[in-house]
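Everything below concerns the one structure shown next.
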Amino acid sequence: MDFIDIHTHATKQCPEILSIINIYPNNTVPKNNPFSIGIHPWYITENNLQLDFKNVEQKLYAKNCLAIGECGLDKLSKTNYNLQISVFKKLILLSEKYNKPLIIHCVKAFNDIIHLKKEYKPQQQWIIHGFNKNKQIANDLIKNNIIISIGASFLRNEKLQNTIKEIPVENIFLETDDSNEPIKNIYNKFAQIKEKDLSIVKQKITENFNRIFIV
Ligand SMILES: [Zn+2]
């Protein structure tokens, strides 16, 4: 596989790209394409929760389900924060039960994520998607064995580029999320920032993928 897009909402696929399409509990499972499924903190509604969990758990059995997510904590969301935590905790347990890594949406809640990681000591890899924060937060995440996935936002953000320079490629994934930026451009820019050949970056990210995901 040439390029790996760890988190996308796009359904159009390309043969040289392995992408994990994110779906929501009531979405149809993609036929062959790898996907992740989770309950996003923005879309938690108490009335639907039971059905959402039922849907998630059922769809986790699909062969092409590679991860649980996106899910997580968002302090800027209107969803009650305690409710977000209780949903996230249940998804952590599902991640462990079904051996699926977690793809995490995190806004202003990095301390809580790290705290939960210490509390649950998960076997499954946790991946913070859409990372665009500073060096200190990146270091805290890495120290706690959380992988950082970065997307289009670093292309035009010099501060983030400087942070990325110091993160070992072993701790990184790349993603398109909901941007229109092709994953190839993200790989190219990343290789340029890391001052590495594109082929080396491809190889290292693929190694990360093979270490963490069961395909
Ligand atoms: Zn997303």
Side-chain angles (χ1 to χ4, degrees), residues 3-14 17-30 33-45 48 52-53 55-56 59-60 62 64-79 81 83-85 87-88 90-92 94-95 100-110 112-113 116 124-133 137-138 141 146-157 160 163-164 171-187 189-190 205 208-209 212-213:
F3 298 95
I4 295 170
D5 184 351
I6 217 71
H7 178 78
T8 180
H9 296 265
T11 48
K12 207 180 102 227
Q13 295 311 315
C14 208
I17 302 169
L18 186 156
S19 52
I20 301 183
I21 296 177
N22 188 81
I23 69 167
Y24 299 106
N26 57 1
N27 289 159
T28 312
V29 165
N33 206 95
F35 73 95
S36 60
I37 183 163
I39 302 173
H40 194 295
W42 295 351
Y43 308 125
I44 297 172
T45 47
N48 279 338
D52 281 349
F53 273 110
N55 270 322
V56 169
K59 289 168 188 178
L60 287 177
N64 48 336
C65 177
L66 298 197
I68 291 186
E70 54 186 301
C71 58
L73 302 174
D74 187 332
K75 285 208 169 145
L76 298 183
S77 161
K78 283 189 206 109
T79 310
Y81 193 64
L83 181 60
Q84 290 186 40
I85 290 187
V87 169
F88 184 54
K90 282 189 193 146
L91 291 167
I92 295 171
L94 286 180
S95 150
K100 308 282 182 193
L102 264 193
I103 296 175
I104 300 170
H105 166 104
C106 175
V107 176
K108 296 192 184 294
F110 291 99
D112 290 343
I113 296 284
L116 287 166
Q124 293 302 307
Q125 182 66 53
W126 288 15
I127 300 156
I128 295 276
H129 103 85
F131 182 81
N132 59 4
K133 295 292 171 241
I137 297 178
L141 293 170
I146 296 173
I147 285 196
I148 291 168
S149 176
I150 48 179
S153 65
F154 81 91
L155 298 182
R156 284 163 283 274
N157 179 341
L160 185 55
T163 301
I164 289 167
N171 303 93
I172 282 190
F173 279 123
L174 300 171
E175 65 177 49
T176 57
D177 199 7
D178 53 5
S179 76
N180 293 321
E181 201 68 49
I183 192 73
K184 290 175 197 174
N185 294 3
I186 293 175
Y187 264 74
K189 182 72 183 178
F190 180 74
I205 301 267
N208 293 350
F209 183 83
I212 291 161
F213 290 93

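In listed order, ligands and their atoms are each counted from 1.
Listed by chain and number, the protein atoms of type N/O/S under 2.8 Å from the Zn ion (ligand 1) are His7 NE2, His9 NE2, Glu70 OE2, Asp177 OD1; waters are omitted.
The shortest heavy-atom contact between Leu66 and Phe213 is O-CD2, 3.5 Å.
Using a 4.5 Å heavy-atom threshold, the side chains of Val29 and Ile37 count as separate.
For the pair Lys100 (side chain) and Cys65 (backbone), a donor-acceptor distance under 3.5 Å is present.
Between Arg156 and Glu181, at least one side-chain N (NZ, or NE/NH1/NH2) sits under 4.0 Å from a carboxylate O, which counts as a salt bridge.
A side-chain donor from one of Glu175 and Ser149 sits under 3.5 Å from a side-chain acceptor of the other.
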#### Entry: Test side chain to side chain donor-acceptor pair (under 3.5 Å) applied to Asp112 and Tyr81, step by step
CA-CA 11 Å; Asp112 290 343; Tyr81 193 64; 2.5 Å; yes
